[in-house]
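Convention: sequence-line order gives letters A, B, ...; per-chain numbering from 1.
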Amino acid sequence: MPRSGIPSDEARLVPPNFITEIIDEDLRSGKYDLIVTRFPPEPNGYPHIGHAIASFIDFGIAADYKGRCHLRLDDTNPLTERAQYVEAIVNDMRWLGWDWGVHLYYASDHFDRLYEMAEALIKMGKAYVDSLPEEKIREFRGTPDRPGIPSPYRDRSVEENLDLFRRMRDGEFEEGAHVLRAKIDMTSPNMKLRDPILYRIIHAEHYRTGTKWCIYPMYDFAHPLSDYIEGVTHSLCSSEFIENRAVYDWLVETLAGCCGLPEWPRPKQIEFGRRSLEYTVVSKRKLVKLVEGGLVSGWDDPRMPTLSGLRRRGVRPQAIRRFVQKVGISRTDRTVDIALLEWAIRDDLNAVAPRVMAVLDPLKLVLTNVEGEEWLEAPYFPPDIGKEGSRKIPLTREIYVERSDFALEPPKGWKRLALGWATRLRHAYVVVVDEAVRDDRGAVVALKGRVLKDTLGKNPEGIKVRGAIHWVSARYGLPAEFRLVDRLFRVPHPDELPDFLDAYNPESLEVKQGFIEPSVKDDPPDTRYQFERLGYFWRDPVDSTDAQLVFNRIVTLKDTWARREKAQRPRKAAAKKAGPVAKRPPELTPEARARFERYLAQGIGEQEALILARETELGRYLEAVFGLPRKTVAPWVVHEIGPFLRRGENRIRPEDLAEILRLLAEGQVSARIVKEALQKAQESGRRPAAIVLEEGLSVIADEATLSPLVDEVLRAFPERVAAYKAGKAGLLGFFVGQVMQRTKGRADPQKVKSLFKARLEE
RNA sequence: UGGGGCGUCGUCUAAUGGCAGGACAGCGGACUUUGGAUCCGCCGGUCGUGGUUCGAGUCCACGCGCCCCAGCCA
């Protein structure tokens, strides 16, 4: 029997987060032995970057815990789902590197058992067939601020429900005539609990089950029970399903041990915050608009955020995984900076992409002192990459350079070609441009220059070389098309616009005709190159042929020159802070006001007095604590007992609070110890004072014991002592904390603090 | 305006009452036959107001802001 273990932080693919904390605790407590997750895409569209993130969480966590993750196609709606999408999903998930072993499932695999469970629910009296028309069901459901009302069909007998449901299954009814609903609570403030629909009639052919069924389970029914059937333990999903959890738990609990479901392990749902990406949309509706509107060439257009698009662009799965790993997981919905994705792509490619030269916007440079040709050795990688390999590149009389690499009037800091300047031809000689040939409109159409002899592998003496530029032999260079892919949208948050298409970036694809060095001719077609000084490229897997080379730009190089050139436009408006503060409205009833005044008179702080006056349960508790001044007791009641009291979970009696507070007053324990004891008392139901006694939690306040500890800490952190003396006052808390740790919280912090102060001022 | 969820550098994310740290971005420098990579440095944050505490991003109260829920979608 395989068992999950808690991985060390270094061994994790998925950085520790609130979900792994829950799992760690579940493993430690023995609640689960084996971690089982699932990734449940609906086969109604192509996977995109959002699926990459969700799948990373599901597959990554399962792998980290040596558990398993099921790939489950959530196909409960025959109207929208297609086998072609299943294929795309399986393909893309494999591409990302996920391994589900034999655990490829379909919700439709479970249709028989789900049906059986629906009948079980009916027999328990917990589900009924509702025959209200669709509009009425909607109407009866109420609104978020008004409760729903029960359907007149809600109390049909088990027999009638069973009969109707079976006839639904047998195809006796039209679509919409009946639905099966769970009988939960039509007045619940959680809309999902207002008798959720479990099954509906759809007379459509399912891509897998054909015409076997004409009733199909809803997500809320099929999802939790599929999890349960498959033995999933942790069902991780995004935050919009938080309210569905109530239905999830209701179903799991009412069907536990039923219909062949085990009592344990039961699955539980945990929700994480959604992630979106700047300059991107992922909703199927919007993606369809781009495809159908002809704004992109298809679902795998290199500009698309689909995994097939990213793949065609040339992004490797390693980069995607690195990206989603860096994004991280939390409970909060977030929008990720697209620069992080670009960084991940570059970081991946930098180490693997051979460097070659291509000229995208060619300008002819005639080297007047070059005759014939010379084949020069050029390494594929710069020294810092540490990889072997080189190719030969031909230098001929005519070469192409990048039009943007020549300036008639070079700006300050220019490190390229200019009249009379010496510039390195990458991997070759230093060149000097003598003449710019211009047409009648004054535009530069060609350059004439000469190479400097004896500058191969060394710099000329007495001449300043300004930078190095890439180039391609005009005779040997291969003509090629270059597709420069850029962000699909001009604004970071196209989703926020009334019409996201307004932000479409018409410059997101720029096509260039240029030349590439001949060495690439026989390279494997999936080679990712770095075109020196331009970016990372690879052959378009669809359109590139030997006769007509087509390269896609995967991502540009970081370009500090271009950045400098660009006007320093402010990146983002400062986030607006919360508005003006509203003062608290102390609307009190006359009785509450009287209590408030009374508490005030007893010396209780204003804030505590207000809470105690308003929340009579807390007030009553306070007044049941005898033998101590009210003002001493009040903060404890409000801050320590109050939260438990409100939830109805308080386990500490007033007299027991009084007992331990007396110990505090006598100086036998510190406030910190009281807090700790109260916490334990709430957990165990024991008397706090008894906990103090049994666990030896008495306070350590005598200087003889504390002084050596203080000295020890001071000795252990000399550089912090120096920092403190230099003015970093916040370190006092650190020092005190060290002693608190060393005494397991028993030291009297006030005493410790004053000892430190005295010592540090010496 | 009912219920639920969430607020930490520009962005993402740590800190489980004890030094607010890291990454990306930005800025500056070193190095460079890629204005790449690498290295070094800098900038910059706890939504607000109070309270509790020796000590609060963390606990309490009151506000503010954003997101989700009224599909026979998932």
Side-chain angles (χ1 to χ4, degrees), chain A residues 15 17 21 40 42 44 74 76-77 79-80 134 137-138 141-146 148 175-176 179 188-192 194 197 199-202 218-219 223 239-243 271 273-274 278 326-328 330-337 339-340 343 346 350 355 382 384-385 413 415 424-428 457 459 465 467-470 530 532-533 557-562 564 571-572 574-585 605-608 610-611 635 638-640 642-643 671-672 675 720 723 728 730-738 740-741 748-750 752-754:
Chain A
N17 58 75
E21 271 173 33
E42 183 189 12
N44 72 342
D74 210 355
T76 56
N77 184 354
L79 266 15
T80 55
E134 199 170 337
I137 287 185
R138 212 188 329 272
R141 186 150 41 217
T143 62
D145 45 6
R146 257 198 310 277
E175 290 186 10
V179 290
S188 171
N190 178 350
M191 298 289 292
K192 300 283 184 211
R194 321 246 258 230
I197 293 171
Y199 266 93
R200 77 286 211 194
I201 300 169
I202 302 176
M218 298 283 288
Y219 168 87
H223 198 89
S239 53
E240 72 263 33
F241 294 103
I242 288 176
E243 321 220 52
E271 310 86 11
R274 293 162 66 91
E278 285 181 350
K326 282 297 204 178
V327 165
S330 68
R331 290 194 139 101
T332 321
D333 294 351
R334 300 288 200 183
T335 302
V336 179
D337 193 335
L340 189 65
W343 168 83
R346 290 187 190 112
N350 177 45
R355 274 61 169 172
D384 53 279
I385 303 296
K415 287 167 59 176
R424 168 72 63 180
L425 290 179
R426 176 76 165 149
H427 298 305
N459 280 338
V465 177
I469 61 162
H470 59 276
Q530 185 195 103
E532 297 218 34
R533 306 208 305 134
L557 249 29
K558 212 166 127 181
D559 190 344
T560 44
W561 173 255
R564 181 137 64 105
R571 233 177 88 76
K572 254 158 228 166
K576 51 178 179 291
K577 295 293 181 190
V581 202
K583 48 231 141 288
R584 140 174 30 96
E606 193 182 329
Q607 190 144 155
E608 279 77 21
L610 192 61
I611 292 165
V638 171
H639 297 288
E640 303 301 325
R672 187 191 160 109
K675 235 176 181 179
R720 286 185 174 82
K728 192 163 181 181
L731 282 169
L732 194 55
F734 169 77
F735 293 132
V736 175
Q738 287 296 313
M740 296 310 291
Q741 263 175 34
D748 177 350
Q750 295 188 56
V752 173
K753 191 175 184 176
S754 60

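The shortest distance between the side-chain N/O atoms of Arg331(A) and the OP1/OP2 oxygens of C6(B) is below 4.0 Å. Between Thr143(A) and G2(B) there is no side-chain polar atom (N or O) within less than 4.0 angstrom of OP1 or OP2. At the phosphate of C6(B), neither OP1 nor OP2 sits under 4.0 Å from any side-chain N or O atom of Arg334(A). Within the 4.0 Å cut-off from OP1 or OP2 of U34(B), not a single side-chain nitrogen or oxygen of Arg346(A) is found. For Ser239(A) and C68(B), the shortest distance from a side-chain N or O to OP1 or OP2 is not below 4.0 Å. Within the 4.0 Å cut-off from OP1 or OP2 of C72(B), at least one side-chain nitrogen or oxygen of Arg141(A) is found. Residue Thr332(A) has a polar side-chain atom (N or O) positioned under 4.0 Å from OP1 or OP2 of G7(B). Proximity of Arg194(A) to the phosphate of G71(B): no side-chain N or O atom is located under 4.0 Å from OP1 or OP2. Between Thr560(A) and G36(B) there is a side-chain polar atom (N or O) within less than 4.0 angstrom of OP1 or OP2. At the phosphate of C54(B), OP1 or OP2 sits under 4.0 Å from a side-chain N or O atom of Gln750(A). Listed pair Arg672(A) / U53(B) fails the phosphate criterion, with no side-chain N or O lying under 4.0 Å from OP1 or OP2.
Put simply, the side chain of Lys675(A) and the base of G17(B) share a donor and an acceptor less than 3.5 Å apart. Contact of Asp384(A) with G36(B) (side chain to base): a donor-acceptor pair of N or O atoms is detected under 3.5 Å. Evaluation of atom-type donor-acceptor distances gives a pair under 3.5 Å for the side chain of Gln530(A) against the base of U34(B). A donor and an acceptor atom never sit less than 3.5 Å apart when one is taken from the side chain of Arg533(A) and the other from the base of U34(B). Between the base of G50(B) and the side chain of Glu606(A) there is no donor-acceptor pair shorter than 3.5 Å.
With Glu532(A) as the partner, the side-chain hydrogen bond (donor to acceptor under 3.5 Å, both in side chains) test is satisfied by one option alone out of His470(A), Arg426(A), Arg355(A): Arg426(A).
Spacing between U46(B) and C9(B) at atom C1', rounded to whole Å, works out to 10 Å. One P atom belongs to A14(B), the other to G55(B), and the distance between them is 29 Å to the nearest Å. Taking atom C1' on both C69(B) and A74(B), the two are 14 Å apart, rounded to the nearest angstrom. Nucleotides G35(B) and U58(B) are separated by 49 Å at their P atoms, to the nearest Å.
Base orientation of G71(B): syn, since the glycosidic angle falls within 90° of 0.
Using a 4.0 Å heavy-atom cutoff across all strands shown, Phe241(A) reaches at least one base atom of the nucleic acid. Leu79(A) comes within 4.0 angstrom of no nucleic acid atom, judged by non-hydrogen atoms across all strands. In this structure, Thr335(A) reaches the sugar-phosphate backbone alone: every heavy-atom distance under 4.0 Å involves primed, P, OP1 or OP2 atoms, never a base. As judged by a 4.0 angstrom heavy-atom cut-off over every strand, Glu243(A) is placed among the base-contacting residues. Residue Lys558(A) is in sugar-phosphate contact alone, with no base atom involved, counting any heavy-atom pair closer than 4.0 Å across all strands shown. If you check every strand for non-hydrogen atoms under 4.0 Å, Glu608(A) touches sugar and phosphate atoms only. Residue contacts for Ala428(A): at a heavy-atom cut-off of 4.0 Å it reaches a base atom on one of the strands shown. Among the heavy atoms of the strands, none lies under 4.0 Å from Gly605(A). In this structure, Gly273(A) reaches neither bases nor backbone, as no heavy-atom distance under 4.0 Å exists between it and the strands shown. Within 4.0 Å of Gly413(A), counting heavy atoms only, lies at least one base atom of the nucleic acid. Counting non-hydrogen atoms under 4.0 angstrom, Thr76(A) reaches the backbone sugars and phosphates but no base. Within the nucleic acid shown, Leu557(A) comes within 4.0 Å of at least one base atom, counting heavy atoms only.
Nearest-nucleotide positions on RNA chain B place Ala339(A) closer to the 5' end than the other of Ala339(A) and Arg355(A). Taking the nucleotide of RNA chain B with the nearest heavy atom to each of Pro749(A) and Gln738(A), the more 5' of the two is matched to Gln738(A).
With a cut-off of 3.5 Å on both pairing distances, the Watson-Crick or G-U wobble partner of A23(B) is U11(B). Across all strands shown, C54(B) is found opposite G18(B) as a Watson-Crick or G-U wobble partner, with both distances under 3.5 Å. Pairing partner, G2(B): C69(B), with both Watson-Crick or wobble hydrogen-bond distances short of 3.5 Å.
Between the CD atom of Gln530(A) and the CZ atom of Arg346(A) there is a distance of 10.5 Å, given to the nearest 0.5 Å. Atoms CD1 and NE2, from Ile611(A) and His639(A) in turn, are 6.0 Å apart once rounded to the nearest 0.5 Å. Remark: Asp145(A) CG to Thr143(A) OG1 distance equals 4.0 Å, nearest 0.5 Å. Between atom CD of residue Glu175(A) and atom CZ of residue Arg200(A) there is a gap of 10.0 Å, rounded to the nearest 0.5 Å. The distance from the NZ atom of Lys415(A) to the CZ atom of Arg424(A) is 14.0 Å, given to the nearest 0.5 Å.
Distances were taken from every side-chain heavy atom of Met218(A) (C-beta onward) to each of C12(B), C60(B), G71(B); the shortest belongs to G71(B). In this structure, the nucleotide among C60(B), G35(B), C73(B) sitting nearest to the side chain of Lys415(A) is G35(B). Of the candidates C69(B), U52(B), A23(B), the closest approach to any side-chain atom of Lys326(A) belongs to A23(B). For Pro189(A), counting side-chain heavy atoms from C-beta on, the closest listed nucleotide (G3(B), C73(B), C69(B)) is G3(B). Distances were taken from every side-chain heavy atom of Ile137(A) (C-beta onward) to each of U33(B), C72(B), G55(B); the shortest belongs to C72(B). Closest approach to the Trp343(A) side chain among A14(B), C24(B), C69(B) is made by C24(B) (side chain taken as heavy atoms from C-beta onward). For Glu240(A), counting side-chain heavy atoms from C-beta on, the closest listed nucleotide (U33(B), C68(B), G2(B)) is C68(B).
Stacking of Phe734(A) onto the six-membered ring of G18(B) is not present when judged by under 5.5 angstrom between centres and under 30° between planes.
Across every non-hydrogen atom of Met218(A) and Tyr199(A), the tightest pair is CG-N, 4.3 Å.
At least one side-chain heavy atom of Arg274(A) sits less than 4.5 Å from a side-chain heavy atom of Glu240(A). Side chains of Lys326(A) and Trp343(A) form a contact here, defined as non-hydrogen atoms less than 4.5 Å apart.
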